[in-house]
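Excluded from the calculations below are hydrogen atoms, water molecules and symmetry mates; all remaining heavy atoms, backbone and side chain alike, are included.
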Amino acid sequence: MSAVTTQTLGRLAGAARRPRTRTGPRLAPGRPLRFGTALGPLLLLAVWSAGSAAGLIEPRLLSAPWTVVTTAGDLVADGRLQGHLASSTQRVVLGLVFGTLAGLVLAVASGLSRIGEALIDGPVQIKRALPSLALVPLLVLWFGIGESMKVITVALAVFVPVYIHTHNGLRTIDSRYVELSETVRLKRRQFIRHVVLPGALPGFLLGMRFAVTSAWLTLVVVEQVNATSGLGYMMELARTYGQTEVIIVGLVVYGLLGLLSDGLVRYAERRVLSWRRTLAG
């Protein structure tokens, strides 16, 4: 081997032994950006503002951001926005509670029993193929146009993702844990508490992220069906009178509520599942 080749190999070996200045795996995305989730919305807001200021966006079709802010201030000042927001939040919370409980109970019953799976999984998969909003005419006939119909529609949109992801989490629990539980003679209740529920928790939290988003998406349509309060009602009334800025206010509030709800679930996920090492961490 020549002297040049020996020197080259020595330099490469020395470079491999030197510690890397970059922290973390080389192929990982890197550290999370501070306020990184706000970059996309801020860029969208900048483009919207520039287009409105330059006259490229017709105000009748899309009001300028400053007009929307002024309108939001007026709605807050006279109390209308708070009242509609309270009605919408109440419907979403009730729908989330009932839908989450139904999805969790059905997922556990289906995931721990072949008989339960045979009886439950098929109808749930059929419901999964049917959009919740397609059931609105039928729910109106059954429950009328009151609050019950709206809450039930939200609950139907919530329980499917909760069931699907929780059931998947149950089915992917390592069989070695089941064998260990049988070895130490855990009772059925102890097995569910110490093995089943912790094992299904990642899937359940993932399902909750889809559930909170589905709840707000469903509500924005349901509240436009013979409602007398709520953000959807406010937007439908604004459409009747051609108030584009009020519609934009409602959309912005819906978007913020969806982001806030998803952020709360993600925060709970990071706290509860802090033991997991992932690329996002």
Any link between Leu256 and Leu85 through a network of hydrophobic side chains (Ile, Leu, Val, Met, Phe, Trp, Tyr) touching at under 4.5 Å? yes
Determine yes or no for a side-chain-to-main-chain donor-acceptor pair under 3.5 angstrom, with Ser261 supplying the side chain and Leu257 the backbone.
yes
Determine, using the 4.5 Å side-chain heavy-atom cutoff (strictly less than), whether Val136 and Phe143 are members of one ILVMFWY cluster.
yes
**Q.** Leu264 and Tyr267, any side-chain heavy atoms less than 4.5 Å apart
**A.** no
Do the side chain of Glu223 and the main chain of Leu231 share a donor and acceptor less than 3.5 angstrom apart?
yes
Sorted by chain and number, sequence neighbours left out, salt bridge (Lys or Arg N to Asp or Glu O under 4.0 Å) with Glu236 holds for Arg239
Determine whether the aromatic ring centres of residues His165 and Phe210 are separated by less than 6.0 angstrom. yes
### Message
Are there over 12 heavy-atom neighbours, none belonging to Ile115, within less than 6.0 Å of that residue's CD1?
### Response
no
Taking Gly232's backbone N and O only, do any of them form a donor-acceptor pair with Tyr254's side chain (distance below 3.5 Å, no angle check)? yes
Correct closest heavy-atom pair for Val222 and Lys150 would be CG1-CG, 3.2 Å
Inset, instruction - For residues Ile248 and Trp48, determine if any side-chain heavy atom of one lies less than 4.5 Å from a side-chain heavy atom of the other. - result: yes
- Item | Same apolar cluster (I L V M F W Y, side chains within < 4.5 Å links), Val253/Leu237 | no
Nearest heavy-atom approach of Gly258 to Trp216 is CA-CD1, 4.0 Å
* Where the side chain of Thr166 meets the backbone of Leu104, is there a donor-acceptor pair that is under 3.5 Å apart? -> no
Scanning both residues in full, the closest heavy-atom pair of Asp78 with Leu75 reads OD1-O, 2.7 Å
Smallest heavy-atom separation, Thr218 atom then Ala157 atom, equals OG1-CB, 3.2 Å
Do Arg91 and Glu147 pass the salt bridge (charged side-chain N to carboxylate O under 4.0 Å, His left out) test, and can you show the C-alpha distance, the side-chain angles, and the key distance before you say yes or no? CA-CA 8 Å; Arg91 291 165 183 151; Glu147 292 298 307; 2.8 Å; yes
Notebook entry, point to check: Does Val249 belong to the same Ile/Leu/Val/Met/Phe/Trp/Tyr cluster as Leu45, with side-chain heavy atoms less than 4.5 Å apart forming each link?
Noted result: yes
Of all heavy-atom pairs linking Leu139 and Ile152, the shortest is CD2-CG2, 4.3 Å
- Is there a path of hydrophobic side-chain contacts, each under 4.5 Å between heavy atoms of I, L, V, M, F, W or Y residues, that connects Val154 with Val221? yes
Looking at Leu106, is its backbone amide N or carbonyl O close enough to the side chain of Ser110 to form a donor-acceptor pair, meaning the two atoms are under 3.5 Å apart?
no
**Asked** Does Trp142 CH2 have over 12 foreign heavy atoms under 6.0 Å away?
**Response** no
Looking only at heavy atoms, the pair that brings Leu217 and Val220 closest together is O-CG1, 3.0 Å
- Query: So, do Val246 and Met235 sit near enough that their side-chain heavy atoms are less than 4.5 Å apart?
  - Reply: no
(Q) Whether the Ser87 and Tyr233 side chains hold a donor-acceptor pair (N or O, under 3.5 Å, no angle test) is what I'd like checked. (A) no
Separation between OG (Ser229) and CZ (Arg80), nearest 0.5 Å, reads 14.0 Å
Notebook entry, point to check: Does any non-hydrogen side-chain atom of Leu135 lie less than 4.5 Å from one of Leu156?
Noted result: yes
Item checked: Heavy-atom side-chain proximity of Met149 to Thr153 below 4.5 angstrom -> yes
